[in-house]
Amino acid sequence: MQVCYLDKKKHESITLLQLTDTHLYADPAGNLLGVNTLDSFHAVLEAVDDANIAFDAIVATGDISQDHSDVSYQRFADGITRWTQPCYWLPGNHDYQPEMESILNAAQLHRGNIVNLGEYWQMVMLDSQVPGVPHGELSDSQFEMLENALSNAGEKHILVLLHHHPIAAGSAWLDQHQLHNNERFWEIVSAYPHVKGVVCGHIHQALDYEYQGVRVMASPSTCIQFMPDSDNFALDLQNPGWRTLTLNADGSMDSGVFRIEGVIFSPDLQSGGY
């Protein structure tokens with residue numbers, strides 16, 4: 001288990017930049033359902049800069065690559081070098097972990113299972129990948145790590161991160177690919193009131209919902225967007241985006257979703273899946 005530390009002065013808040021589901025390729029012309037994922041990724045990075053958003057760390061919540069290549073992971077690593085803040089990452093269902101471990105290990109990049117954020121917050125980052133299938137599950141060892149982290153966190157507020165959504169998003173086709181053993185997940189989480197939030201990727205849309213007293217959030221993808229509340233596979237015309245999360249000393253969270261403006265990335269709306 002890897003434990004990381006992000007120092008911040010007492011009583012100051014921590015702001016995270018969530019980037020998710022970049023689906024990058026080795027080929028710079030790599031295209032996912034009509035969208036060049038490298039171009040859309042760079043457009044998001046530039047939009048974050050243009051918005052003058054101050055943040056303390058990046059969280060990358062999976063599906064960084066679409067083709068499992070070392071070059072695709074290097075493209076992600078190269079993209080975020082415009083900043084000096086650390087990036088904490090976890091795998092998604094499309095990722096290939098040997099390549100992730102090999103490439104995403106520079107000084108800026110960390111696979112942190114436990115990340116201590118200053119004096120008041122701690123992140124627990126879970127691996128919900130089941131190789132070869134789109135849905136998620138947490139292994140016994142992941143559940144053990146989660147429960148140990150929560151029981152040993154003291155008075156720290158907890159933010160749990162994983163790729164797959166642990167509650168239904170409202171789309172039948174997408175919800176069949178959620179975290180399958182979510183009942184066990186919530187049985188553990190609900191026993192610890194200092195868990196304030198759960199953050200995921202995977203659904204390529206914004207989500208902000210309270211479940212069992214915990215705030216559950218997802219971010220738009222940096223490439224294609226899935227249509228909310230659609231029983232069948234459908235793409236959305238909304239632009240790529242990102243989320244920011246500000247973690248306050250009292251356990252409250254401020255969060256917002258942002259999307260690029262001006263540049264339009266139009267997906268192939270006739271696509272029946274991917």
Side-chain angles (χ1 to χ4, degrees), residues 16-25 29-48 50-51 53 58-67 72 75-76 79-80 89-95 128 134-136 161-179 198-209 216-245 255-274:
L16 305 175
L17 169 68
Q18 184 189 7
L19 302 174
T20 196
D21 296 87
T22 53
H23 291 274
L24 297 169
Y25 294 84
N31 184 296
L32 182 63
L33 305 185
V35 171
N36 181 299
T37 61
L38 183 60
D39 287 349
S40 63
F41 174 54
H42 284 163
V44 166
L45 301 183
E46 290 165 9
V48 172
D50 290 344
I53 293 174
I58 304 159
V59 288
T61 46
D63 281 1
I64 292 174
S65 175
Q66 179 65 16
D67 65 1
S72 65
R75 293 195 185 284
F76 179 85
I80 65 169
W89 59 266
L90 53 79
N93 53 290
H94 283 276
D95 286 312
S128 58
H135 74 260
L161 295 92
L162 71 168
H163 179 67
H164 293 84
H165 53 308
I167 61 171
S171 297
W173 77 270
L174 189 55
D175 289 336
Q176 66 183 324
H177 304 315
Q178 66 181 296
L179 184 73
V198 174
V199 172
C200 65
H202 192 51
I203 62 173
H204 289 235
Q205 61 190 254
L207 178 74
D208 193 339
Y209 186 79
V216 182
M217 289 171 281
S219 171
S221 164
T222 67
C223 59
I224 60 170
Q225 311 302 305
F226 296 148
M227 180 71 73
D229 303 318
S230 176
D231 283 343
N232 299 313
F233 179 88
L235 296 174
D236 197 347
L237 287 175
Q238 291 196 81
N239 261 344
W242 68 93
R243 178 183 285 280
T244 62
L245 301 101
S255 187
V257 167
F258 304 85
R259 296 182 187 270
I260 63 173
E261 299 178 359
V263 180
I264 303 298
F265 291 91
S266 297
D268 178 5
L269 296 181
Q270 302 306 310
S271 301
Y274 80 114

Once side-chain hydrogen bond (donor to acceptor under 3.5 Å, both in side chains) is applied, do any residues pair with Asp175, and if so which ones, sequence neighbours excluded?
His165

Heavy-atom side-chain proximity of Leu162 to His202 below 4.5 angstrom:
no

Output yes when a side-chain donor or acceptor of Tyr25 lies under 3.5 Å from a complementary backbone atom of Asn31, and no otherwise.
yes

Run the side-chain hydrogen bond (donor to acceptor under 3.5 Å, both in side chains) test against Asp208 and tell me which residues pass, sequence neighbours left out.
Arg215

If we ignore hydrogens and angles and just use 3.5 Å, is the side chain of His164 paired with the main-chain N or O of Pro134 as donor and acceptor?
yes

Do you know the tightest heavy-atom contact between Val44 and Pro240?
CG2-CB, 3.9 Å

Within a reach of under 6.0 Å around CZ of Phe233, are more than 12 heavy atoms found that belong to other residues, nucleotides or ligands?
yes

Shortest non-hydrogen contact from Leu24 to Leu38?
CD2-CA, 3.8 Å

Restricting to non-hydrogen atoms, name the atom on Leu19 and the atom on Trp242 that form the minimum distance, rounded to 0.1 Å.
CD2-CB, 4.1 Å

What distance do Asp21 atom CG and Leu32 atom CG have between them, rounded to the nearest 0.5 Å?
10.0 Å

Can you find a pair of side-chain heavy atoms, one from Ile224 and one from Phe265, that are under 4.5 Å apart?
no

Enter the distance from Ser128:OG to Leu90:CG here, rounded to the nearest 0.5 Å.
7.0 Å

Please tell me if the side chains of Pro267 and Leu237 come closer than 4.5 Å, counting only heavy atoms from C-beta onward.
yes

Check whether any side-chain heavy atom of Gln205 lies under 4.5 Å from a side-chain heavy atom of Asp236, and answer yes or no.
no

For Ala218, check side chain to side chain contact (heavy atoms under 4.5 Å, CB included) against everything at least two apart and list the hits.
Cys200, Ile203, Leu207

Taking the six-membered ring where the residue is Trp, are the ring centres of His23 and His94 under 6.0 Å apart?
yes

Any chance you could measure Phe76, atom CZ, to Leu45, atom CG, to the nearest 0.5 Å?
8.0 Å

Quick check for you: to the nearest 0.5 Å, what is the distance between Asp63 atom CG and Asn93 atom CG?
4.5 Å

Trace of the side-chain contact (heavy atoms from CB on, under 4.5 Å) decision for Ile53 with Leu17:
CA-CA 9 Å; Ile53 293 174; Leu17 169 68; 5.5 Å; no

CZ of Phe41 to CD1 of Ile80, rounded to nearest 0.5 Å, is 7.0 Å

Contacts satisfying side chain to side chain donor-acceptor pair (under 3.5 Å) that involve residues 255-267 (not counting sequence neighbours) are Gln225-Arg259, Gln238-Arg259, Arg243-Ser255

Side chain proximity check, Val59 to Val199, heavy atoms < 4.5 angstrom
no

Any pair with a residue in residues 32-48 that passes side chain to side chain donor-acceptor pair (under 3.5 Å), sequence neighbours left out, goes on the list, sorted by first then second residue, please.
none

Can you list everything that forms a side chain to side chain contact (heavy atoms under 4.5 Å, CB included) with Ser65? Sequence neighbours excluded, please.
Asp67, Ser72, Tyr73, Asp95

Heavy atoms of Ser221 and Cys223 approach each other most closely as OG-N, 2.8 Å

For Thr20, is there any backbone N or O sitting under 3.5 Å from a side-chain donor or acceptor partner on Thr61?
no

Taking all heavy atoms of Ala43 and all of Ile260, pick out the closest pair and write down the distance.
O-CG2, 3.6 Å

Are the aromatic rings of Trp173 and Phe226 close, with centres under 6.0 Å apart?
yes

